[in-house]
Amino acid sequence: MNRADVVIVGGGLAGLTLALQLRAQLPSLIVTVLERQVHPVPEAAHKVGESTVEIGGHYLDTVLGLEAHLREHQLRKFGFRFFFSEKAPGIDAVTELGASRYLHTPGYQLDRGVLENFLGERARAQGVSFVCGAIVRDIRLAETGAHSVRYEHEGAEQELFAAWIVDASGRAGLLRRQLGLQVDNGHYANAAWFRLATRIDIDDWSQDSAWHGRCDYRERWLSTNHLVGPGYWVWLIPLSSGSHSVGIVADEAMHPLREYNSFERALAWLQAHQPQLARVIEEKRDTLQDFIALRRFSYGCKRVFSARRWALTGEAGLFLDPFYSPGTDFIAIANTYITELIARERSGRSIEMHTHIYEQIYFSFYESTLALYRDQYVMFGDAEVMPAKVIWDYTYYWGILCQFFFQRRLTDVAALSRLKRELAAVQVLNLHVQALLRAWSQAQPPVNPPRLLDQAALPWFAELNRGLADPLDEAGFDARMRRNAALLHELAAEIVTRAPAAAGADVEKLLKEFAAAPAPEPLLFEPAA
């Protein structure tokens, strides 16, 4: 059959999850997925997106109903964990930021090979035509009528016609490149990463019983561990296949990619900046599975949804930064909007207005998240300012962005209209706070005492995480959003009072701009002595 209702170009995480979402919401829809790789793909597949946070986790386990697979064949993540370990001989001699116990809402560490093989099988079981080993040669978009895709499969060229085409081709970005949509977003960072076919257990890096006693579980290795320093961070992510992923991500101006763009250079770079990790990797170097380097990984996009019945999802559209693992989040958000647009169009309703509204919201989420990374790497090694930034960034994420997804209100245009003033205010506030944090870090020498800054010990913070999936009606949702906006203003006011002389700014003026008095009870950790 050479016709489908929807053709998805790319059968990785973005494309296969979209296929499953479309089949679940529109069971009669004819969906074809064209994937270049032949399945089954290797385990420990060489892809970014091994760590999920709350939106991505909720999308996979609840929206798509994959909880059994995630719990049985992937790893539950012990949250994010940060060690300010630049040039430190031991992990127990520096400030650690993380939670002493698991918070309520799960995230996962994903072996992408294991997951994508499972998704391919599930898609076929759900009636999706999943064609692997398909090399797309040409995409032709029609003003009216069917679009077409020419592809090569098993040595023969074929053509497929469809009402909708969705590009999920990853960094290849077939439609993004064809239509000239890529945008320079001003975030210039590079990355290199590799896998070792063995476990890196950060819990074994110290024999100090007091250090181990700071966490309820000897499971720090299950966290997405960030080893941070000025201008960079290093990730450690465990995979269920038994491999471990190691990545170096750095500001281009502070740590040029040429310093770590091969395994040997990366190891030498780690010896200079993260010596304890370098020693562990040297001992395990015979288990090296792969290595890749990526220059300027972050980019934006002019358009992602079109009323002409095409769309982009995942890295085929845009990519931010792996620091807070937002990749699966933006897949979940884009796929939800695409599914809703296809459902509206299939029912005979106009999608012109909704295409623009959904794209505007999507780009608003993107710009808000980009502000967390752009020009911020310079402070990553600051063990006093970065904990404040991480708490702020999480609060903005859980308090605003997550609420729309968990409460299934991404497409609720009326709610967005009702909350327009509050949302605009916190978006501007976020930009102010990011600038203030950067100035604060530049205004004082960093301190880095051996301690755990325990996020689980902040009751309001743990409750914000716990309540993400609370069932809320319209009034309850609006009330929560307004409370969370007020919380952000209180947190911003406390950050102002913590920053030395507000990093050279006029404190009263800043407080007035933030339109809030300092919170009566501290929201942040106690300042370092």
Side-chain angles (χ1 to χ4, degrees), residues 13 17 21 49-82 97-110 115 215-217 219-226 237-238 240 322-333 335-336 365 368-369 372 387 390-410 426 453-473 476-477 479-481 483-485 487-488 491 523:
L13 180 62
T17 53
Q21 191 170 0
E50 296 159 331
S51 178
T52 70
V53 281
E54 285 75 17
I55 288 177
H58 185 72
Y59 178 63
L60 295 172
D61 66 20
T62 301
V63 176
L64 298 183
L66 308 181
E67 184 177 10
H69 169 81
L70 294 169
R71 295 200 177 277
E72 293 171 18
H73 301 287
Q74 305 292 345
L75 301 174
R76 181 172 179 179
K77 183 169 73 174
F78 193 4
F80 283 125
R81 198 164 299 276
F82 305 82
L97 171 65
S100 60
R101 57 180 172 81
Y102 286 87
L103 298 183
H104 180 81
T105 305
Y108 303 94
Q109 311 290 24
L110 301 177
L115 178 60
C215 281
D216 291 358
Y217 309 94
E219 294 182 351
R220 283 178 169 98
W221 68 275
L222 281 167
S223 300
T224 297
N225 284 297
H226 299 61
I237 300 175
S240 60
F323 187 69
Y324 288 127
S325 305
T328 309
D329 285 11
F330 276 82
I331 288 172
I333 294 167
N335 285 359
T336 298
F365 289 158
S368 295
T369 307
L372 309 183
V390 170
I391 292 295
W392 168 268
D393 294 347
Y394 269 121
T395 305
Y396 191 84
Y397 173 65
W398 288 344
I400 303 297
L401 303 183
C402 282
Q403 297 298 326
F404 280 99
F405 194 84
F406 275 76
Q407 299 300 324
R408 303 209 173 193
R409 294 186 181 273
L410 275 180
V426 295
L453 296 176
D454 184 5
Q455 296 165 330
L458 300 174
W460 68 271
F461 189 75
E463 175 58 22
L464 196 61
N465 175 276
R466 187 216 58 78
L468 286 173
D470 286 347
L472 300 174
D473 60 15
F477 175 75
R480 173 176 285 185
M481 293 298 291
R483 284 197 305 273
N484 290 348
L487 173 64
L488 283 164
L491 186 54
L523 297 171

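- Considering every non-hydrogen atom in both R101 and A456, the closest pair reads NH2-O, 3.4 Å.
- The salt bridge (Lys or Arg N to Asp or Glu O under 4.0 Å) test applied to D454 returns no partner, not counting sequence neighbours.
- Within the model, atoms CG of D393 and OG1 of T369 stand 9.5 Å from one another, a figure rounded to the nearest 0.5 Å.
- Between F365 and F404, the two ring planes are tilted [angle within 30° to 60°].
- Applying the side chain to side chain contact (heavy atoms under 4.5 Å, CB included) criterion to R480, with sequence neighbours excluded, gives Q403, Q407, D470, L472, R483, N484.
- Between H104 and L468 the shortest side-chain heavy-atom distance does not fall below 4.5 Å.
- Minimum heavy-atom separation, L64 to L60: CB-O, 3.7 Å.
- For the pair K77 and T52, the minimum side-chain heavy-atom distance is 4.5 Å or more.
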Worked verdict on L491 versus W460 for side-chain contact (heavy atoms from CB on, under 4.5 Å): CA-CA 11 Å; L491 186 54; W460 68 271; 4.3 Å; yes
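- The shortest heavy-atom contact between P238 and W221 is CG-O, 3.3 Å.
- Interatomic distance, S100 OG to F78 CZ, rounded to the nearest 0.5 Å: 7.0 Å.
- Counted by atom type alone, Y102 and E219 present one or more donor-acceptor pairs between their side chains at under 3.5 Å.
- Side-chain contact between F82 and V390 is present, with at least one heavy-atom pair separated by less than 4.5 Å.
- Residues L103 and A462 come closest through the heavy atom pair CD2-CB, 4.1 Å.
- How far OG1 of T395 is from CG of L464: 6.0 Å, rounded to the nearest 0.5 Å.
- Using a 4.5 Å heavy-atom cutoff, the side chains of L222 and R76 are not in contact.
- Interatomic distance, CD1 of I237 versus CG of L110, reported as 9.5 Å (0.5 Å rounding).
- Residues forming a salt bridge (Lys or Arg N to Asp or Glu O under 4.0 Å) with E67 (at least two apart in sequence, or on another chain): R71.
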T105 and H58: CA distance, side-chain angles, deciding distance, side-chain contact (heavy atoms from CB on, under 4.5 Å) verdict: CA-CA 8 Å; T105 305; H58 185 72; 5.9 Å; no
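- Ring-plane geometry between F405 and Y59 is classed as perpendicular, the angle between the planes exceeding 60 degrees on a 0 to 90 degree scale with a lower cut at 30.
- A 4.5 Å side-chain heavy-atom check between T328 and T17 finds every atom pair outside the cut-off.
- Between the CG atom in L453 and the CD1 atom in I391 there is a gap of 8.5 Å [rounded to 0.5 Å].
- Residues L523 and L487 form a side-chain contact, since some pair of their non-hydrogen atoms from C-beta on lies under 4.5 Å apart.
- Of all the heavy atoms in Y394 and Q455, the pair that sits closest is CE1-NE2, 3.6 Å.
- Minimum interatomic distance between M481 and G399 (heavy atoms only, all atoms of both residues): SD-O, 3.9 Å.
- By the side chain to side chain contact (heavy atoms under 4.5 Å, CB included) test, S325 is found to be paired with S51, V53, F80, residues two or more places apart in sequence or in another chain being considered.
- By the ring pair (Phe, Tyr, Trp, His ring centres under 6.0 Å) test, H73 is found to be paired with H69, residues two or more places apart in sequence or in another chain being considered.
- In summary, the side chains of T224 and Q109 do present a donor paired with an acceptor at a separation below 3.5 Å, with no hydrogens or angles considered.
- Under the rule for a ring pair (Phe, Tyr, Trp, His ring centres under 6.0 Å), Y397 has no partner lying at least two apart in sequence or in another chain.
- The OH atom of Y324 sits 8.0 Å away from the NE2 atom of H226 when rounded to the nearest 0.5 Å.
- A 4.5 Å side-chain heavy-atom check between L401 and D329 finds every atom pair outside the cut-off.
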